Amino acid sequence: MNNQEIAKIFHEIAVLLEIEDVAFKPQAYEKAAMGLEALSEDVEKIYKRGGIKELEELPGVGKGIAEKIIEYLKTGKIKEYQQLKKKTPVDIEELTAVEGIGPKTISILYKVLSIKNLKDLERAARAGKIRRLENFGEKSEQNILESIEFLKRSKGRFLLGEILPEVREIYKKLKNLKEVKKISLAGSLRRMKETIGDIDFLVVSRQPEKVMNFFISLPGVIKIWGKGATKTSVRMRQGYDMDIRVVAGKSFGSALQYFTGSKEHNIATRKLAMEKGFKLNEYGIKTEEEVYKKIGLPYIEPELRENTGELEAGLRGKLPKIIGYQDICGDLHCHSHWGADKNKAIKQIENFVRLAREMNYEYVGISDHTKFLAIEHGLDEKQLLEQKKFIDKLNQKLKIENCKLKILCGCEANIMADGSIDINDKTLAKLDYVIAGVHSQFKMNREKMTERIIRAMRNPNVDIISHLTGRIIQQRDEYEIDFDKILKAAKETGTILEINAYPVRLDLKDSNIRKAKEAGVKMVINTDSHQSEQMRFMEYGISQARRGWAEKKDIINCWSAEKMLGMLK
DNA sequence: GCCGTTTTCGGCCCGACTGTTTTCAGTCG
């Protein structure tokens, strides 16, 4: 998409202008870049429809930047960018990724030592050349080397589902300290972003020194820096960094609001505060509710704080009542592996049932792969009916035991290249519900893939489309689809879109969830569990739904079994 | 370069920390 490419250029222009010491323009380009990144529609489409006028309506885009967007669309380049780049021909993306290196440092490194990229930088640092620069020293050189090491090792961000369980253990330890009066997670982890950069803890304590000492002696800490009275940072062996901040109880609310972010949300809230005639900082307010109230806003859930319209919605009293973490009545996507080993599968189903009861679910749905996926021992028609029979019996047994849980029998069938389903309609019709998903031939062109999925939706037995875009976070891109067209077809056919809670999938992503909700398309949050403990991934699906502004009415497994089944095809 | 319920000029989020200096610029969140 053009948006991401242009956004990247604008980010770089911002850095290059800062190198040139130009005032205020860098922020303008930065803002425009962020606006473009958040945009779900291709700017080319917008330009073709509404010309420069509609481009100028985009956030952060005025006449000058609109003209640059058009220049890029027409010629594939932006002249001013190329001129700036000629003056400072360095790999900005690589160098700014190094912690502690910004525009001014890049400029000096290039002018004095001709450093253009990460390789040059590492070589110069190893040769002891950095420390001889003015305003640099041994410490700065050491920090650069360590940052490069960290970059090489961690490759950036961690999956929410991989990091949250570990962090919760640490959180518990901190909370149990008698010196800790109050504690909260902050940052992107509190906002439940799908990937997390680093971990932030916010603590109220009268003895910060003791808390800091405990923090730096946690098992797994391999590096400590910035140890002060209010803040300390550590690096963990697993490769991520953690910050802890201690504040006074009377400032907990303002600090929590501030350190939860996002940065964009904070900038916007501070601007709002200024319009009301006062300054917002991280001190002096006890609760977050009061912080928002002061600016004339209702409380905004952390998952909504991305400056994607939540402030405007709050001002107009139009914030959604997003779904809660306790609102789920069941999970419809659990694999028993019936085709691989029936006896094991029976045990597996019993485990799903046990966990579903523990999680207070009203229903749990077994949906094994079907025959096209031989590698997953997918079930054929006969096996599906056999499994259905078994589940019917198990339901009767549960009923006799006076257990309210209902087991549903579905499947996750394959959408073939032509959009047909690999199981016959007669069999599909006998199941409680049918999920269908794309599991092969991901590299189709956009039109074909869109047609393929829409044809599957038109099958009167297909109730749910699983992991619609097929992405695997940090591993595989989404396949190309026309999402708007698919939404229209989903609405027409009454097909439900899945929000897959599996940590590497989280598919639909937040912006797509929001679009689906706006289009009136219903969704279901499923874990895609391949073992019973994975049913606990539900939390990540819920957070994703919350980040997509979804409400209970949008998510069919927030509903009773009766209502939910009643709305399927 | 963008923006506007003090709107076409004059502002632009704000504070902590670092490493280098000896008073502060740069970076970060």
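A, B, ... follow the sequence lines: proteins, then strands. Residue 1 opens every chain. Source: prediction; values computed, not measured.
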Distance-only donor-acceptor check, side chains [X] and [Y], under 3.5 Å:
X	Y	value
A:Tyr29	A:Glu12	no
A:His265	A:Glu310	yes
A:Asn2	A:Asp42	yes
A:Tyr540	A:Glu194	no
A:Glu37	A:Gln4	no
A:Arg305	A:Ser262	no
A:Gln257	A:Ser254	no

Whole-Å [atom1] distance, [N] and [M]:
N	M	atom1	value
B:dT18	B:dG11	P	34 Å
B:dT6	B:dG1	C1'	23 Å
B:dC14	B:dC9	C1'	24 Å
B:dG15	B:dG10	C1'	24 Å
B:dC17	B:dT22	P	23 Å
B:dA16	B:dT21	P	24 Å
B:dC13	B:dG4	P	13 Å

Within this structure, what is the [atom1]-to-[atom2] distance between [X] and [N], rounded to whole angstrom?
X	N	atom1	atom2	result
A:Lys104	B:dC24	NZ	P	17 Å
A:Gln142	B:dG19	CD	P	11 Å
A:Lys223	B:dT18	NZ	C1'	12 Å
A:Phe201	B:dG29	CZ	C1'	17 Å
A:Asn143	B:dC28	CG	C1'	14 Å
A:Ile106	B:dT27	CD1	C1'	12 Å
A:Lys231	B:dG15	NZ	P	16 Å
A:Phe136	B:dG19	CZ	C1'	10 Å

Whichever of A:Pro103 and A:Lys25 has its nearest DNA chain B nucleotide further upstream toward 5': A:Lys25
DNA chain B: 5'-proximal contact among A:Lys68 and A:Glu134 (nearest heavy atom): A:Lys68
Axial cation check for A:Trp225 ring with A:Lys227, 6.0 Å and 45° limits: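 Geometry flag: not set, cation outside 6.0 Å or 45°.
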The side chain of [X] lies closest to which of these nucleotides: [options]?
X	options	value
A:Lys139	B:dC17, B:dT20, B:dT27	B:dT20
A:Thr230	B:dG1, B:dT21, B:dA16	B:dA16
A:Met274	B:dC17, B:dG1, B:dC13	B:dC13

Close approaches to DNA chain B from residues 250-272 of chain A, in residue order (heavy atom, under 4.0 Å):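 Nucleic-acid contacts, sorted: A:Tyr258, A:Lys263, A:Ile267, A:Arg270, A:Lys271.
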How would you label the contact of [X] with the nucleic acid (heavy atoms, under 4.0 Å): base, sugar-phosphate, or nothing?
X	value
A:Val22	nothing
A:Glu99	sugar-phosphate
A:Asp200	nothing
A:Glu138	sugar-phosphate

For the student: nearest non-hydrogen atoms of A:Lys286 and A:Gly249, plus distance: CG-O, 3.7 Å
Below 4.0 Å: OP1/OP2 of B:dT20 and any side-chain N or O of A:Ser140: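 Result: yes.
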Pair assignment for B:dT8, Watson-Crick or G-U wobble, requiring both distances under 3.5 Å: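 None - no nucleotide pairs with B:dT8, as no candidate has both distances under 3.5 Å.
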